[in-house]
Amino acid sequence: MSQPNEFLNSVRLLIALATYNEIESLPGLVAQIRAALPTADILVVDDNSPDGTGAWCDSQAAIEGKFFGIHRARKLGLGSAAVAAFAWAIERNYDWIGTLDADGSHDPASFLAMTDAVAADGALDVVIGSRYVSGGRIEGWPLHRRIASRTINACARNWLRLKTRDNSGAFRLYRVAALKKIRADALRTNSYAYLEVVLWQLRRSGAQFREIPITFRQRRSGYSKLNLNQSIRCLWDLLTVPLRKQ
């Protein structure tokens, strides 16, 4: 089996973050990513954050050649931000793209276990940092968040027939060649359901999956952008996805 550092030195890896008002957490998170994955490029897709997140990205890009930013004119949602990051990776011929939340909930060091899984099994197309497999944990979530997450994941497994257990988390590695097999317009949702929809599309295209346990921690700064209305919209989108023309 290849060692993780050998694998990372042999591939082009892009780590993508979607941001809106993340100036409190982003600088520290970028430093953590760089410490864990020194050979990776970093891309931030910012939705015109009024708190200075975009300006910080410009400053960082000016001093670091492996850091890039995409500025969008308004808040367009996580789904379209993911599509923009996928397109960036495809256009620039990256081998893999990793995604994680920008609020500090995910530990970038866990990417090493995820890349280790890819190094051990060359057939994998998607590796999910999972809260819901043995060894996975959630710290700091209130009961209503846990219930909402479990409900959405149960829907994804039973309605979309996804075999993976954590389908609503953003901590993932995707093989870029696998993303080329799905159409960007097939991910058409600006709710959090894009996380399940992309897995559904990849499963339909024959992608191979693996889940690696992680610890998810409640964000340490700022505020959560997920509310009851967004949870309901996400559930509705999941229920209607198979009924759309694909």
Side-chain angles (χ1 to χ4, degrees), residues 12-92 94 97-111 129 139-142 145 168-174 184 187 189-195 198 214-231 233-234:
R12 296 192 68 218
L13 171 63
L14 178 68
I15 303 299
L17 301 133
T19 58
Y20 184 77
N21 287 347
E22 299 292 359
I23 192 61
E24 294 182 39
S25 61
L26 186 61
L29 180 60
V30 167
Q32 287 181 293
I33 295 170
R34 186 59 65 223
L37 304 168
T39 62
D41 290 355
I42 299 173
L43 173 69
V44 175
V45 182
D46 184 65
D47 277 1
N48 196 27
S49 297
D51 71 344
T53 299
W56 183 87
C57 290
D58 287 341
S59 298
Q60 189 69 13
I63 63 174
E64 184 182 349
K66 296 176 72 64
F67 184 95
F68 307 93
I70 295 176
H71 294 285
R72 304 201 298 177
R74 63 187 187 281
K75 193 174 181 181
L76 298 173
L78 289 170
S80 63
V83 170
F86 295 163
W88 175 282
I90 291 169
E91 290 168 3
R92 289 160 179 79
Y94 285 92
I97 179 171
T99 60
L100 72 166
D101 289 343
D103 60 11
S105 298
H106 298 135
D107 181 359
S110 295
F111 271 126
E139 295 181 353
W141 258 13
R145 289 290 301 273
S168 61
F171 201 8
R172 299 174 181 173
L173 277 176
Y174 302 94
L187 305 180
T189 174
N190 282 327
S191 78
Y192 285 84
Y194 86 90
L195 289 161
V198 68
I214 63 161
T215 296
F216 177 95
R217 295 179 173 87
Q218 175 73 308
R219 63 180 300 140
R220 299 169 185 171
S221 60
Y223 62 92
S224 175
K225 300 169 184 69
L226 181 64
N227 56 39
L228 178 60
N229 288 338
Q230 289 170 327
S231 296
R233 170 67 186 278
C234 177

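All figures in this text were calculated on a predicted structure; none of them were measured in a lab. Along the sequence shown, residues carry numbers from 1.
With hydrogens and angles ignored, the 3.5 Å screen pairs no side-chain donor or acceptor of S49 with any backbone N or O of G54. Within the 3.5 Å criterion, the main-chain N or O of L195 finds no donor-acceptor partner in the side chain of S168. In this structure, the side chain of R72 engages the main chain of G77 through a donor-acceptor pair within 3.5 Å. Checking side-chain atoms of D46 against main-chain N and O of H71 turns up no donor-acceptor pair under 3.5 Å. With S105 contributing its side chain and D101 its backbone, the two residues share no donor-acceptor pair below 3.5 Å.
L173 places a side-chain heavy atom less than 4.5 Å from the side chain of L13. Proximity of R12 to D41: side-chain heavy atoms (C-beta onward) are separated by under 4.5 Å at one or more points. Contact annotation: the side chain of W56 approaches that of V30 to within less than 4.5 Å [non-hydrogen atoms, C-beta and beyond]. Side-chain contact between E139 and F216 is absent, with no heavy atoms from C-beta onward closer than 4.5 Å. Within the 4.5 Å cutoff, no side-chain heavy atoms of Y194 are placed close to those of S80. At a threshold of 4.5 Å between non-hydrogen side-chain atoms, the residues R74 and L76 count as touching. The side-chain heavy atoms of L100 and I15, taken from C-beta on, include a pair separated by under 4.5 Å.
Shown here for D107 and Q32, the closest heavy-atom pair between the two residues is OD1-NE2, 4.5 Å. The two atoms that bring R172 and V198 nearest to each other are NH1-CG1, 3.3 Å, heavy atoms only. The two residues A35 and P38 make their nearest non-hydrogen contact at O-CD, 4.0 Å. Considering all non-hydrogen atoms of both residues, T99 and F111 come closest at O-CZ, 3.8 Å. Here the shortest heavy-atom pairing between I23 and G52 reads CD1-O, 3.9 Å. When all heavy atoms of A18 and A102 are compared, the pair lying nearest together is O-CB, 3.6 Å.
Contacts of Y174 classified as ring-ring contact (aromatic ring centres under 6.0 Å, His included), with partners at least two apart in sequence or in another chain: F86. In this view, A85 and A16, L43, V45, I97 satisfy the side chain to side chain contact (heavy atoms under 4.5 Å, CB included) rule, not counting sequence neighbours.
For residues 51-65, every residue pair satisfying the salt bridge (charged side-chain N to carboxylate O under 4.0 Å, His left out) rule, not counting sequence neighbours, is listed here: R34-E64.
Atoms OG1 and CG, on T39 and L37 in that order, are 6.5 Å from each other to the nearest 0.5 Å. Distance check, rounded to the nearest 0.5 Å: CG of N48 to NZ of K75 gives 11.5 Å.
Under the side-chain contact (heavy atoms from CB on, under 4.5 Å) test applied with T19, the options D47, T53, D103 reduce to a single match, T53.
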